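Before any comments, here is the structure.
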Amino acid sequence: MNVLVIDVGTSSMRGILYDAHAAELKKVQISYSPFYIDQIRVEQNASEWTSALIRICSGLAQAAKEENLEIDVLSLTSQRSSVLPLSKDMEPLSPAIMWQDKRTVPLCHDLKKSDPVIIQKAGSRVNPVYSGSKMAWIRKNQPELFEHAAKLAVIPNYLVWFMTGTLVTDHTYGSRSLLMNLGTREWDEELLRLFELPRSKLCDLISPGTVAGHISGPFSRLTGLLEGTPLISAGGDQQCSALGQGVIHHGDAQITTGTGAYIISGCDELPVVKGSEVIAGVSAIPGKYVLESSILACCSAFNWFHNAFYPDSDHGFDSINREILDSPPAAGGIIALPYFQGQGTPDWNSMATASLLGLTLSSSRGDMARAILEGICYEIKVNMECMARYLPVPSSIVLSGGLTKCPSLAPSLAGILGTPVTQYSNPESTALGAWMSAAVATGLYPGWEEAFRAARAADAVTQTLPENRDNYKKGYSLYQESYSRLYPYT
């Protein structure tokens with residue numbers, strides 16, 4: 001059985017055709033970028049996703065045909081919280097409001113008094129990242145658009161409809177909305193009243209790892225995929241990444257360093273979140289849950305620094321990586337607060353901005369680059385300490401994502417956390433998680449452990465042990481002092 005995985009990221013969409021043993025047969029990737037209008041607004045046109053989807057599916061369908069390969073099932077994983085208003089004919093009525101967008105901050109402030117009930121039911125305090133606050137912003141600030149919208153969808157909802165003609169959303173996306181009760185896994189009437197949103201504008205909920213629809217005739221004619229091929233909703237990208245990294249059992253933990261950084265731990269039962277320091281959500285494994293923490297700028301912060309300070313680099317990230325390796329651990333006393341998109345957990349300070357502190361005339365750009373890298377690691381440590389109040393401390397952390405291309409990341413993170421860091425050689429953890437979802441859903445493998453062993457069978461595994469602990473302890477102390485000085489009231 002061959003599985004075509006569609007992975008809808010923030011900066012690109014990937015299509016990967018896997019065989020029954022999770023071996024990669026073909027891959028097509030299309031890059032795009034959200035439009036950063038100003039420091040607050042971030043949008044993207046839906047046509048960028050549909051165009052990329054058509055090109056990916058048609059390219060892989062043609063490649064499969066040429067090599068006599070079947071595409072037996074599709075599995076979709078996607079970014080989770082960007083909101084797209086749709087007409088009754090399912091046409092986009094405006095650009096999508098992206099997950100990084102911060103226009104909802106005042107609305108979230110007004111709803112802050114309802115945090116206790118929102119945390120209890122939805123697993124997170126009210127925040128500008130989740131889709132429910134964006135839907136409420138549209139209702140309040142664009143009433144005509146809200147009235148004309150038959151549905152307020154997140155990106156995977158729209159793409160499922162585009163491929164199959166079925167409009168549904170799975171529980172992993174519902175758990176990133178502030179509108180779904182995590183216990184019942186249904187839209188919650190009390191939460192809908194708080195956000196003043198009618199149930200009729202939301203998609204029906206299904207379990208992750210189930211068939212969301214079948215490839216329609218129109219999409220088949222656009223791409224060459226066989227009409228009637230099942231499409232599985234594998235779950236949100238971070239949940240699938242966790243799955244592809246082996247977060248199957250209670251207490252398993254992984255870190256994904258993408259556009260933002262996400263820490264996800266597995267939970268067998270719904271955790272009782274006591275405040276805003278962590279997020280509870282639904283796992284890609286049906287019936288299970290996750291605890292999650294988020295750093296809103298990770299690769300995006302690194303990319304900004306590279307583009308601003310290495311404009312003439314002809315060798316990608318080689319120059320910045322080399323200079324980071326030349327800079328000592330703790331970056332010569334420089335501290336970076338990497339809040340280029342505000343701060344996520346545990347404080348949810350949307351108006352926080354990035355800072356570099358401790359610069360002297362002897363500071364180099366390599367020192368500053370290392371400080372940003374270590375600042376991301378310090379943020380991860382803050383969040384890991386919060387997560388340890390709910391779950392056992394893992395004996396090792398699994399690491400993946402785009403920032404792992406920086407060779408200093410794993411040793412810095414291991415030294416700062418004081419925990420070994422494990423990495424698999426295949427970086428496609430999100431796509432592999434979506435493959436696992438399809439493999440279990442179709443009965444190709446009897447369970448998640450068997451599917452994971454198959455997905456990682458060909459991988460080399462490396463482990464980085466903690467070093468330079470004393471330097472990083474001093475750096476972490478300076479980091480905490482710097483944050484407290486700049487943001488004393490959060």
Side-chain angles (χ1 to χ4, degrees), residues 77-81 83 99 108 111-112 114-136 152 154 156-157 168-195 197 199 202-210 233-243 247-253 262-294 344-346 348 383 386-387 389-391 433 437 448:
T77 180
S78 174
Q79 56 167 295
R80 301 173 291 178
S81 304
V83 172
W99 63 267
C108 292
L111 284 169
K112 188 173 177 60
S114 299
D115 267 347
V117 68
I118 295 172
I119 291 171
Q120 178 195 359
K121 292 191 169 193
S124 170
R125 62 174 275 185
V126 64
N127 66 79
V129 175
Y130 278 30
S131 57
S133 57
K134 302 182 196 308
M135 296 175 188
L152 297 171
V154 294
N157 307 162
V168 292
T169 192
D170 78 41
H171 296 141
T172 64
Y173 303 112
S175 71
R176 295 287 292 187
S177 69
L178 303 173
L179 305 174
M180 191 188 83
N181 186 307
L182 294 183
T184 65
R185 303 191 181 215
E186 298 288 347
W187 301 122
D188 188 272
E189 291 299 327
E190 184 176 11
L191 296 175
L192 291 171
R193 284 195 298 271
L194 284 174
F195 286 86
L197 293 168
R199 165 67 181 83
L202 302 177
C203 302
D204 291 338
L205 288 158
I206 62 171
S207 177
T210 57
S233 183
D237 54 0
Q238 299 308 321
Q239 283 95 332
C240 281
S241 177
L243 194 56
V247 177
I248 296 172
H249 302 295
H250 187 78
D252 291 342
Y262 297 89
I263 308 163
I264 293 186
S265 293
C267 300
D268 288 341
E269 297 179 350
L270 176 61
V272 179
V273 176
K274 301 167 186 174
S276 62
E277 58 191 8
V278 294
I279 299 164
V282 171
S283 170
I285 299 177
K288 292 196 175 187
Y289 294 88
V290 293
L291 272 185
E292 183 172 339
S293 298
S294 60
T345 54
W348 287 108
N383 283 283
C386 292
M387 202 165 278
R389 298 166 192 165
Y390 296 86
L391 292 168
S437 182
W448 300 100

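Keep in mind that the numbers below use all heavy atoms, side chains included, and drop hydrogens, waters and symmetry copies. On a predicted model such as this, the values are computed, not experimentally measured, just so you know.
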How about [X] and [Y]: do any of their side-chain heavy atoms sit closer than 4.5 Å?
X: T345; Y: I279; result: yes
X: R80; Y: D237; result: yes
X: R389; Y: E277; result: yes
X: E292; Y: I264; result: yes
X: V247; Y: I285; result: no
X: M135; Y: L179; result: yes
X: S175; Y: Q239; result: yes
X: E269; Y: H250; result: no

Give, for atom [atom1] of [X] and atom [atom2] of [Y], the distance between the pair rounded to the nearest 0.5 Å.
X: K288; Y: L270; atom1: NZ; atom2: CG; value: 14.0 Å
X: I206; Y: R185; atom1: CD1; atom2: CZ; value: 12.5 Å
X: L243; Y: S283; atom1: CG; atom2: OG; value: 6.5 Å
X: L178; Y: I118; atom1: CG; atom2: CD1; value: 6.0 Å
X: M180; Y: L192; atom1: CE; atom2: CG; value: 12.0 Å
X: S114; Y: E190; atom1: OG; atom2: CD; value: 8.5 Å

Minimal non-hydrogen separation, [X] against [Y], with atom names:
X: S81; Y: V129; value: CB-O, 3.2 Å
X: V278; Y: S293; value: CG1-OG, 4.1 Å
X: A284; Y: A234; value: CB-O, 3.6 Å
X: W448; Y: I248; value: O-CD1, 3.7 Å
X: L205; Y: D170; value: CD2-O, 4.1 Å
X: S124; Y: W348; value: OG-CZ2, 4.3 Å

Is a donor on one side and an acceptor on the other found under 3.5 Å between the side chain of [X] and the backbone of [Y]?
X: T172; Y: G236; value: yes
X: S177; Y: G174; value: yes
X: Y173; Y: S78; value: yes
X: T77; Y: G235; value: yes
X: Y390; Y: K274; value: yes
X: K121; Y: L182; value: no
X: N127; Y: C108; value: no

Open item on the list: Less than 3.5 Å apart, any donor N or O on the side chain of R176 or Y130 sitting next to an acceptor on the other?
Closed with: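 Note: R176 and Y130 side chains meet the donor-acceptor criterion.
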
Task: Pair R193 + D188: basic N to acidic O under 4.0 Å - done: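 Judged by the 4.0 Å cut-off on N to carboxylate O distance, R193 and D188 do not form a salt bridge.
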
